[in-house]
Structure formats: C-alpha cells, structure tokens
Amino acid sequence: MHLYCHDHPHQLSLTTEVLEATPGRVRLTESPFYPGGGGQLPDRGAIRWHGGDIGVMGFEIVNDQLWHLLADPVALQGQVDVGVNPSFRQMMREMHTGTHILNALVFQSFDGALVTGVQMNDDGTARMDFDLPEADNDRLRALEAPINDVIRQNIRVTCDYVAYEEARAVHGLIRSRSVAPPPTENGLIRIVDIAGLDRQACGGTHLDNTGDTRAIRILKIDNKGRHNRRIRLGLVGLGPLAD
Ligand SMILES: [Zn+2]
C-alpha cells in the first residue's frame with residue numbers, strides 16, 4: 001500500500017481529518033505513521049482531538065486502508081493533530097539502516113548469502129538470520145569493524161522505485177521474502193540504496209546518511225538449525241549497551 005511516510009519521511013506531525021471511525025479505530029486523510037513490517041516495529045505516537053490526546057497503540061491494514069488502533073474506545077471525528085514519537089522513529093531508523101549495512105557486508109563477504117528473517121526490538125537491538133551453512137562465527141563477529149567503518153564514512157541513503165519484474169531479475173535486489181515490501185498498485189517496488197554498498201527492496205524507514213546513527217555492536221551469534229545463523233546487534237548507549 002502507499003504510505004505517506006515513504007514520500008514524507010521527515011514529517012512526523014501533521015493536522016488532518018478523520019475519514020472513518022469506529023470506537024477505538026480511526027482512518028485519517030493523511031497519516032505520518034509507519035505501521036510496521038519487514039522486521040521493523042510500528043511507530044508509536046498520539047492523536048490530539050477536541051477530547052484530548054489519545055495514544056496510538058497499533059495499526060491494522062484492511063483492504064489496503066490504514067486503521068489506527070487507539071488506547072481508548074472513542075470514535076474520533078473532525079480535525080485532528082497527529083504526532084509520531086520522534087525518538088522511537090529515530091531508533092528504528094538507526095536499527096533498520098544498521099541491518100542493511102550488516103546485510104550488505106554478509107552478502108559481499110559470504111557469497112550472496114540471503115536473509116531468512118529480521119526483527120528489530122524496542123530496546124535498541126535487532127536480530128538478523130542468514131542462510132549461512134558454512135560460515136565461521138568469528139568471521140561474522142569480525143564484521144563489527146566494517147559496519148562501524150560504513151557508519152563513519154557517512155554514506156548517503158536514498159530510495160527509488162523499479163518495476164517489480166525488473167527487480168526480480170537482479171540477484172540480491174530482493175534479499176528476502178520476509179523483508180521485501182509488496183509491489184505498489186503501479187507494479188513498482190521500493191528500493192533502498194546505500195550508495196556504492198547496498199541496494200535492496202525495502203518498505204521501512206531509514207536514515208538519510210549512514211553517519212546519523214549510534215555505533216553498532218555485534219552482541220551474539222547463534223546457530224539456528226543447520227543452515228541459519230542468527231546475529232544479534234545493538235545500538236551503543238541503548239538497552240543492553242546502555243552505559
Ligand atoms: Zn530497510
């Protein structure tokens with residue numbers, strides 16, 4: 001589905017209108033929220049209406065329409081002010097961009113190894129699973145230095161769209177079924193590009209430059225079955241890596 005946050009990634013608050021509402025659920029004319037997906041958690045935030053502020057607890061996509069699930073069973077109406085929690089969005093952008101950097105380095109260093117799963121957490125950590133039957137865990141752990149080199153190089157991160165069939169033909173552009181977004185109604189798929197390093201289909205929110213993040217540590221590597229390696233990473237200063 002078309003997301004406002006893809007076109008306006010920096011707009012975290014806006015004034016809009018209620019389009020449709022039932023108690024505890026609302027659709028808006030415009031919404032700056034990322035509803036989650038591709039391993040990224042949904043945004044958090046609030047909606048201000050004439051009855052006060054109400055928390056947005058989650059999202060539901062029904063028939064390609066975005067519903068906001070509210071903290072109280074009120075039926076909103078009229079004009080509302082919507083706000084995404086900026087620190088949570090920032091943390092997700094950092095984690096998400098960090099997973100792309102790790103993904104790119106694994107793809108390069110381990111012969112096009114593909115992602116089998118990704119999950120970002122609300123404590124500044126994330127895990128990525130790769131199809132890596134033969135990998136040496138010390139080599140994976142050693143990717144921490146090149147990850148932070150990429151951060152220091154402050155490389156530009158951009159988005160563009162290509163035809164889905166074209167994307168399918170390029171090896172590595174669709175890195176994982178669990179991560180790639182569905183094509184838009186125009187048959188296009190959104191590509192996230194870290195200049196010169198990585199290019200892959202993704203529907204999440206990312207940084208504008210790799211340098212806009214806290215440093216990243218590799219926390220743990222687990223073997224998950226014969227084929228999969230699970231790499232846990234964390235942002236320095238948060239969660240398990242808080243000072
Ligand atoms: Zn992404």
* To do: For residues P32 and C5, report the shortest heavy-atom separation together with the two atoms involved.
  => O-CB, 3.6 Å

* Are L70 and R25 close enough, and set up right, to give a side-chain contact (heavy atoms from CB on, under 4.5 Å), and what steps lead you there? -> CA-CA 6 Å; L70 307 176; R25 300 166 87 244; over 6 Å; no

* Structure fact -> Smallest heavy-atom separation, I174 atom then A201 atom, equals CG1-CB, 4.1 Å

* Under the 3.5 angstrom rule, does the side chain of R190 hit a backbone N or O of G204 as a donor-acceptor pair? -> yes

* At what distance, to the nearest 0.5 angstrom, does CG of L19 lie from CD of E30? -> 10.0 Å

* Would you say Y4 and Q11 make side-chain contact, with heavy atoms under 4.5 Å? -> yes

* Structure fact -> Given the options V80, T16, L14, T29 meets side chain to side chain contact (heavy atoms under 4.5 Å, CB included) only with T16

* To do: Check whether any side-chain N or O of N85 sits under 3.5 Å from a backbone N or O of S87 as a donor-acceptor pair, and report yes or no.
  => yes

* Asked: In terms of hydrophobic clusters joined by side-chain contacts under 4.5 Å, are V84 and V26 together?
  -> yes

* Closest non-hydrogen atom pair between A215 and I151, with its separation -> CA-CD1, 4.4 Å

* To do: Dump the intermediate steps for side-chain contact (heavy atoms from CB on, under 4.5 Å) on T158 and R199, then the final yes or no.
  => CA-CA 10 Å; T158 55; R199 203 170 149 70; over 6 Å; no

* Asked: Is there a donor-acceptor pair closer than 3.5 Å between any side-chain N or O of D193 and the backbone N or O of C159?
  -> no

* Quick check: does any side chain N or O of N186 sit under 3.5 Å from a backbone N or O of L188, one acting as donor and the other as acceptor? -> no

* **Cation over ring face, R44 and F88, 6.0 Å, 45°** => yes

* So, the side chain of R156 versus the backbone of D208: is there a donor-acceptor pair under 3.5 Å, distance only? -> yes

* To do: Kindly assign one of parallel, tilted or perpendicular to the pair H206 and H100, based on the angle between their ring planes and the thresholds 30° and 60°.
  => perpendicular

* Asked: Which distance, rounded to the nearest 0.5 Å, do you find between the CG of L132 and the CZ of R139?
  -> 9.5 Å

* Would you say Q79 and W49 make side-chain contact, with heavy atoms under 4.5 Å? -> no

* Does atom CG of D160 have more than 12 heavy-atom neighbours from other groups under 6.0 Å away? -> yes

* **Test applied, side chain to side chain contact (heavy atoms under 4.5 Å, CB included); reference residue, M95; option that passes from V118, T213, L238, L233** => L233

* Verify the distance criterion only: is there a donor paired with an acceptor across the side chains of D64 and H2 at less than 3.5 Å? => no

* Whether over 12 other heavy atoms sit under 6.0 Å from R48 CZ -> no

* Please determine, by modelled atom types, if R127 and Q119 share a side-chain donor-acceptor pair under 3.5 angstrom. => no

* Structure fact -> Heavy-atom closest pair (N148 atom, I216 atom, distance to 0.1 Å) is ND2-O, 2.8 Å

* Any luck finding a side-chain donor-acceptor pair between Q40 and T205 under 3.5 Å? -> yes

* **Interatomic distance, I47 atom CD1 to D81 atom CG [nearest 0.5 angstrom]** => 10.0 Å

* So, H68 versus S31: side-chain donor-acceptor pair below 3.5 Å or not? -> yes

* Check against side-chain contact (heavy atoms from CB on, under 4.5 Å), H227 and F130 -> CA-CA 8 Å; H227 279 275; F130 292 95; over 6 Å; no

* Asked: What distance separates I189 CD1 from C202 SG, expressed to the nearest 0.5 Å?
  -> 10.0 Å

* Minimum side-chain heavy-atom gap P240-L219 below 4.5 Å -> yes

* Heavy-atom side-chain proximity of P133 to N228 below 4.5 angstrom -> no

* To do: Could you tell me whether the side chain of D123 and the main chain of T125 form a donor-acceptor pair under 3.5 Å?
  => yes

* Same cluster for L140 and L102 if Ile/Leu/Val/Met/Phe/Trp/Tyr side chains link at under 4.5 Å? -> yes

* **Option among T116, N103, V106 that satisfies the side chain to side chain contact (heavy atoms under 4.5 Å, CB included) test with M128** => N103

* Examine L66 and L12 and state if one hydrophobic cluster contains both, with Ile, Leu, Val, Met, Phe, Trp and Tyr joined whenever side-chain heavy atoms are less than 4.5 Å apart. => yes

* Asked: Is the number of heavy atoms from other residues, nucleotides or ligands under 6.0 Å of R168 CZ greater than 12?
  -> no

* Asked: Between Y34 and L3, is a side-chain contact (heavy atoms from CB on, under 4.5 Å) present by the stated rule, with each step listed?
  -> CA-CA 8 Å; Y34 179 67; L3 292 176; 3.9 Å; yes

* Do the non-hydrogen side-chain atoms of D138 and D136 ever get within less than 4.5 Å of each other? -> yes

* Got a second to check how far L69's CG is from E60's CD, nearest 0.5 Å? -> 5.0 Å

* If we only count heavy atoms from C-beta on, is the V157 to N209 side-chain gap below 4.5 Å? -> no

* To do: Report yes if the side chains of P35 and I61 come closer than 4.5 Å at any heavy-atom pair, otherwise no.
  => yes

* Option from D222, D131, D129 for which salt bridge (Lys or Arg N to Asp or Glu O under 4.0 Å) with R230 holds -> D129

* Asked: Who are the ring pair (Phe, Tyr, Trp, His ring centres under 6.0 Å) partners of F107, not counting sequence neighbours?
  -> H171

* Derivation of the ring-ring contact (aromatic ring centres under 6.0 Å, His included) call for F59 and F33 -> CA-CA 9 Å; F59 304 90; F33 288 98; 5.3 Å; yes

* Would a 4.5 Å heavy-atom cut-off, applied to side chains only, mark I218 and I231 as touching? -> yes

* Between D212 and T210, does any side-chain donor sit less than 3.5 Å from a side-chain acceptor? -> no

* side chain to side chain contact (heavy atoms under 4.5 Å, CB included) partners for A46, two or more places apart -> none

* Distance (rounded to the nearest 0.5 Å) between T97 OG1 and I155 CD1 -> 11.5 Å

* E94: which of M120, R89, R214 passes side chain to side chain contact (heavy atoms under 4.5 Å, CB included) -> R214

